[in-house]
2 protein chains.
Amino acid sequence: MLSKKTQYAFHALVHLAENVDKGPILISEIAQEKNISIKFLENILLELKNAGILGSKKGKGGGYYLMRPPKEIALAKIIRLLDGPIALLPCVSLNYYERCENCRDEAVCGLNEVMGKVRDSALKILENKTLKDILTRS
Amino acid sequence: MLSKKTQYAFHALVHLAENVDKGPILISEIAQEKNISIKFLENILLELKNAGILGSKKGKGGGYYLMRPPKEIALAKIIRLLDGPIALLPCVSLNYYERCENCRDEAVCGLNEVMGKVRDSALKILENKTLKDILTRS
DNA sequence: TATTAGTCTATCTTTTTTATAGGTTTTATG
DNA sequence: CATAAAACCTATAAAAAAGATAGACTAATA
């Protein structure tokens with residue numbers, strides 16, 4: 001399961017994407033709209049900003065906004081940033097690989113093989129679907 | 001990511017499957033072979049037994065054994081038992097569903113839709129692949 | 001210069017994960 | 001029948017991660 005942090009991030013990003021034309025959006029607005037603790041959300045948005053996904057403006061009229069159009073922000077990127085590996089096992093992770101401590105040879109491990117396929121099938125979706133694809137359907 | 005508990009369970013089950021013809025297998029043998037803490041493994045095997053996946057025999061000559069042939073034990077079943085939901089979000093889980101607290105209507109939520117697809121693609125593999133499919137390739 | 005709104009860092013609480021300890025029960029066997 | 005072997009059971013502890021909050025700081029605007 002994705003952490004609350006990542007779930008909140010998705011909902012916040014959706015809100016930002018659905019209001020791209022309205023300039024910077026307040027943290028407090030997102031928090032209220034999406035029913036998220038404002039202080040917790042603050043940290044999340046900051047992390048997204050430091051990763052280059054969001055931009056921000058301080059002071060009156062300030063807030064957060066997307067740095068790129070929604071269709072260019074892949075879901076996989078958000079998950080990896082806030083949640084870490086998408087794979088079910090460290091030994092099949094592309095970005096957070098760790099050697100398996102419980103088997104002799106990953107090259108002939110059937111678990112490694114199957115979990116690799118699960119990873120691929122998830123990535124096929126998560127690398128190609130973007131913020132644009134998760135907007136609320138009218 | 002799967003918990004260590006689930007990872008250990010898979011490795012233990014593989015060992016049992018690869019030795020089906022040898023009668024009951026000692027916890028200590030599995031622990032040593034797969035490099036797992038024996039006491040932790042004890043709890044895991046007991047849980048698998050209580051779920052009807054393993055059988056056991058006490059006393060000398062005792063140990064654990066599979067209750068069904070490896071090809072009848074789906075990977076999804078093990079994950080759900082020890083790790084819980086396979087889905088990335090509670091609101092798309094088939095077995096551990098929880099209503100989304102952050103969106104107004106799941107029926108029109110794009111995140112819900114995409115994550116449902118991720119779940120389906122993972123389940124297509126995990127429901128159909130069995131212990132037999134994760135044995136070490138000769 | 002007052003107000004607004006994001007920034008930063010630290011801390012705290014709760015939950016989950018991982019692991020260990022130690023006694024109990026069952027079974028085989030000499 | 002005594003002994004040893006091995007699983008069973010329950011509790012607890014230690015560590016890590018998740019979730020949440022606090023408060024002072026900085027920048028921008030009017």
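A note on names: the letters A, B, ... follow the listed sequences, proteins ahead of strands, and every chain is numbered from 1.
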Review point. So how far is it from A:Cys91 SG to A:Met115 CE, rounded to the nearest 0.5 Å?
Key: 9.0 Å
Review point. Under 3.5 Å, side chain of A:Asn35 to main-chain N/O of B:Asn102, donor-acceptor pair present?
Key: no
Practice item. For atom CD of B:Glu127, decide whether the heavy atoms of other residues, nucleotides or ligands shown that lie under 6.0 angstrom number more than 12. Key: yes
Exercise for review: Show your working on salt bridge (charged side-chain N to carboxylate O under 4.0 Å, His left out) between A:Lys34 and A:Glu29 and close with a plain yes or no.
Suggested key: CA-CA 8 Å; A:Lys34 298 295 186 177; A:Glu29 177 185 321; over 6 Å; no
Review point. Quick one: B:Lys5 NZ to C:dT16 C1', roughly how many Å, whole number?
Key: 10 Å
Practice item. List, by chain and then residue number, the residues other than A:Tyr65 in its hydrophobic cluster (Ile/Leu/Val/Met/Phe/Trp/Tyr, side-chain heavy atoms under 4.5 Å); write none if there are no others. Key: A:Met67
Practice item. Dump the intermediate steps for side chain to side chain contact (heavy atoms under 4.5 Å, CB included) on B:Tyr96 and B:Ile86, then the final yes or no. Key: CA-CA 9 Å; B:Tyr96 298 85; B:Ile86 288 169; over 6 Å; no
Exercise for review: Go along nucleotides 10-18 of chain D 5' to 3' and tag each nucleotide: B for a protein heavy atom under 4.0 Å from its base, S when only backbone or sugar atoms are that close, - otherwise.
Suggested key: B--------
Point to revise | Separation of atom NZ in A:Lys39 from atom P in C:dC8, rounded to whole Å | key: 13 Å
**Study point:** Heavy-atom donor-acceptor pair, B:Arg137 side chain to A:Ala107 backbone, under 3.5 Å
**Key:** yes
Review point. In whole Å, what is the span from the CG atom of A:Leu41 to the C1' atom of C:dA5?
Key: 14 Å
Practice item. Compare side-chain N and O positions of B:Tyr8 against OP1 and OP2 of C:dT18 and report whether any pair is under 4.0 Å apart. Key: no
Check your understanding: Given atom CG of B:Leu45 and atom C1' of D:dA6, what is their separation to the nearest angstrom?
Key -> 13 Å
Review point. How would you list, by chain and number, every residue that makes a side-chain contact (heavy atoms from CB on, under 4.5 Å) with A:Lys58, sequence neighbours excluded?
Key: none
Per-pair distances, 0.1 Å, donor-acceptor, side chain in residues 17-28 of chain B, under 3.5 Å, sequence neighbours excluded:
{"unit_1": "B:Glu18", "atom_1": "OE2", "unit_2": "B:Thr136", "atom_2": "N", "d": "2.9"}
{"unit_1": "B:Glu18", "atom_1": "OE2", "unit_2": "B:Thr136", "atom_2": "OG1", "d": "3.0"}
{"unit_1": "B:Asn19", "atom_1": "OD1", "unit_2": "B:Lys22", "atom_2": "NZ", "d": "2.8"}
{"unit_1": "B:Asn19", "atom_1": "ND2", "unit_2": "B:His15", "atom_2": "O", "d": "2.7"}

Check your understanding: By a strict heavy-atom criterion of less than 4.0 Å, which residues belonging to residues 23-34 of chain A are in contact with DNA chain D?
Key -> none
Revision key, fill the gap. Separation of C:dT15 atom P from A:Met1 atom CE, nearest Å, is 16 Å
**Study point:** Of residues 55-62 of chain A, the positions that come close to DNA chain C - non-hydrogen atoms, cut-off under 4.0 Å
**Key:** A:Ser56, A:Lys57, A:Lys58, A:Gly59, A:Lys60
Revision key, fill the gap. When rounded to whole Å, the CD1 to P distance for the pair B:Ile38 and D:dA5 reads 14 Å
Review point. Rounded to the Å, how far apart are A:Ile44 CD1 and D:dG19 C1'?
Key: 9 Å
Check your understanding: For A:Ile36 and D:dT21, what is the distance between atoms CD1 and C1' respectively, to the nearest whole Å?
Key -> 16 Å
Practice item. Begin from the C-alpha positions of B:Lys5 and B:Glu47 and carry the test salt bridge (charged side-chain N to carboxylate O under 4.0 Å, His left out) through to its verdict. Key: CA-CA 11 Å; B:Lys5 195 166 155 185; B:Glu47 212 166 329; 3.2 Å; yes
Review point. Step by step, would you call A:Glu33 with B:Arg104 a salt bridge (charged side-chain N to carboxylate O under 4.0 Å, His left out)?
Key: CA-CA 10 Å; A:Glu33 187 68 21; B:Arg104 293 245 170 66; 3.2 Å; yes
